[in-house]
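Notes follow once the structure below has been shown.
Read the numbers this way: they start at 1 and go in the same order the structure lists the ligands and their atoms.
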Amino acid sequence: MLNEKVVELLKQQVNKEFYSAYLYLDMSNYYIDQNLDGFGNWFYLQAKEEQDHAMLFLKYLQNNDVSVSLEAIDKPDKVYADFGAPLYAALEHEQYVTSLINAIYEQAQAVKDYRTCQFLDWFIKEQGEEEQNSRELISKYEMFGKDCKGLYLLDEKLGERTYSAPSLSL
Ligand code: MG
């Protein structure tokens, strides 16, 4: 039996990961509307990754005999002032998600729930990578994205991103 507080936080995380997917899909839509399909692709794949994160939390709960009822997902309501704005918003969002994962980890550790700690280890590492990817994208945009030619080439580059589902066995 998992600890009640840990279960509650894990359930909330299912919803938060689906919200992340929704937020990134909204960013993808923004770029596609602006004819920056490469940026759109990058965020579309980001959305798929977040969906997979949600499913991993869901599966972990189910594997531990926890029944999960799905809650409403918040509407993404951000308005972007320029092409760089979603990139900064994405980094800020990932830092927020890192804080959520850390909070679950802290709770699991406090009640000696080592199984959940081990499950979360993958996400601790993943968040490090997500923040790094996000910072790198901002650097590239700051260096190359401010003139039309650079932006065009960066968009082409981001269009090449492909996706492979997370390799985490539960
Ligand atoms: Mg995630």
How is the N/O/S atom of [X] that comes nearest to the Mg ion (ligand 1) named?
| X | result |
| --- | --- |
| E50 | OE1 |
| H53 | ND1 |
| E17 | OE1 |

Handout entry: Proximity of F57 and F123 rings by center, below 6.0 Å
Key = yes
Problem - Other residues, nucleotides, ligands: >12 heavy atoms within 6.0 Å of M143 CE - result: yes
Practice task
For N64 and V66, indicate whether the former's side chain and the latter's backbone hold a donor-acceptor pair under 3.5 Å.
Solution key: no
Exercise for the section: Please check if the side chain of Y141 supplies one atom and the backbone of G84 the other of a donor-acceptor pair under 3.5 Å. Expected result: yes
